[in-house]
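Notes follow once the structure below has been shown.
All values below come from the heavy atoms of this structure, side chains included, with hydrogens, waters and symmetry mates left out.
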Amino acid sequence: MKYGSLIMEKKDYLTLKRILNFHRFYEDYAHKDALEQLGERIDRALVEDEKDMPDDVVRLNSTITVEFAQGTKQKFELVPSTRANLKENMVSVVSKLGASLVGLAVGDQIQFGFPSDVQSFKIVGVEQSHQLSSSFEV
């Protein structure tokens with residue numbers, strides 16, 4: 001990890017805690033696994049005030065550019081589950097991919113997928129939208 005640990009902005013930390021609380025009785029095992037992963041990431045993240053956050057850390061509403069091992073690049077936005085839309089490249093933070101990215105930074109590498117089809121990619125860009133998310137979105 002670029003900064004030695006996961007980094008999370010305080011507002012995102014509180015929003016993600018509420019999301020986890022809202023989804024705690026989820027019956028879908030794929031989502032349960034993603035929620036567990038997200039919970040573990042939140043518990044071990046270094047929580048910072050917005051003014052102390054590096055701009056290259058993946059947060060809610062960030063636009064992330066990743067580069068796969070073969071050189072292909074893909075761009076998507078990390079959003080609350082209510083706004084997720086794969087056709088518009090909006091990935092939910094409670095998905096396996098979204099949960100595995102939150103708190104990482106440009107330069108960090110990740111492996112994602114099923115054991116029979118693991119994809120390796122590197123975060124090469126993070127753009128912050130700085131949009132206000134004052135309402136509770138799940």
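- Smallest separation of non-hydrogen atoms from Asp56 and Val126: O-CG2, 3.5 Å.
- Separation of atoms CD (Glu48) and CD1 (Ile7) is listed at 6.5 Å; rounding is to 0.5 Å.
- A donor-acceptor pair is defined here as one N or O able to donate and one able to accept, closer than 3.5 Å; such a pair exists between the side chain of Arg41 and the backbone of Val102.
- Hydrophobic cluster membership is shared by Ile42 and Leu101, with clusters built from Ile, Leu, Val, Met, Phe, Trp and Tyr side chains linked at under 4.5 angstrom.
- Phe68 and Leu104 fall within a single hydrophobic cluster, where Ile, Leu, Val, Met, Phe, Trp and Tyr are joined by side-chain heavy atoms under 4.5 Å apart, directly or via other members.
- Distance CG/Leu35 to OG/Ser95: 10.0 Å, rounded to 0.5 Å.
- A chain of hydrophobic side-chain contacts below 4.5 Å, direct or via other Ile, Leu, Val, Met, Phe, Trp or Tyr residues, connects Val94 to Val58.
- Shown here for Ser62 and Gln128, the closest heavy-atom pair between the two residues is OG-OE1, 2.8 Å.
- Closest approach of Met1 and Leu6 over heavy atoms only: SD-N, 3.5 Å.
- Ser129 OG to Leu78 CG: the interatomic distance, rounded to the nearest 0.5 Å, is 10.5 Å.
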Is there a side chain to side chain contact (heavy atoms under 4.5 Å, CB included) between Lys17 and Leu14 once you walk through the steps? CA-CA 5 Å; Lys17 282 286 206 184; Leu14 295 172; 5.6 Å; no
Could you give me the CA-CA distance, side-chain angles and deciding distance for Asn61 and Glu77, then say whether side chain to side chain contact (heavy atoms under 4.5 Å, CB included) is met? CA-CA 6 Å; Asn61 303 310; Glu77 185 177 358; 4.0 Å; yes
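- With rounding to the nearest 0.5 angstrom, the NZ atom of Lys11 is 12.5 Å from the CG atom of Leu16.
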Please determine whether side chain to side chain contact (heavy atoms under 4.5 Å, CB included) holds for the pair Gln74 and Asn89, giving the CA-CA distance in whole Å, both sets of side-chain angles, and the decisive distance to 0.1 Å. CA-CA 9 Å; Gln74 185 171 355; Asn89 293 320; 4.3 Å; yes
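- The two residues Glu9 and Val47 come nearest to each other via the heavy atoms C-CG1, 4.5 Å.
- For the pair Pro80 and Val93, the tightest heavy-atom approach, listed with the atom from each and the gap, is CA-CG1, 4.4 Å.
- Hydrophobic clustering, with ILVMFWY side chains joined whenever heavy atoms are under 4.5 angstrom apart, groups Leu86 together with Phe121.
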Could you walk me through whether Leu97 and Phe76 pass the side chain to side chain contact (heavy atoms under 4.5 Å, CB included) check? CA-CA 11 Å; Leu97 176 59; Phe76 52 88; 4.1 Å; yes
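- Closest non-hydrogen pair, Tyr13 versus Met8, comes out as CA-SD, 3.8 Å.
- With a 6.0 Å radius and a threshold of 12 heavy atoms from other residues, nucleotides or ligands, Lys2 has its NZ atom above the threshold.
- At a threshold of 4.5 Å between non-hydrogen side-chain atoms, the residues Arg59 and Glu50 count as touching.
- Atom CD of Gln119 and atom OG1 of Thr72 lie 9.0 Å apart (nearest 0.5 Å).
- Cluster annotation: Leu38 and Leu46 are assigned to distinct hydrophobic clusters (Ile/Leu/Val/Met/Phe/Trp/Tyr, side-chain heavy-atom contacts under 4.5 Å, transitive).
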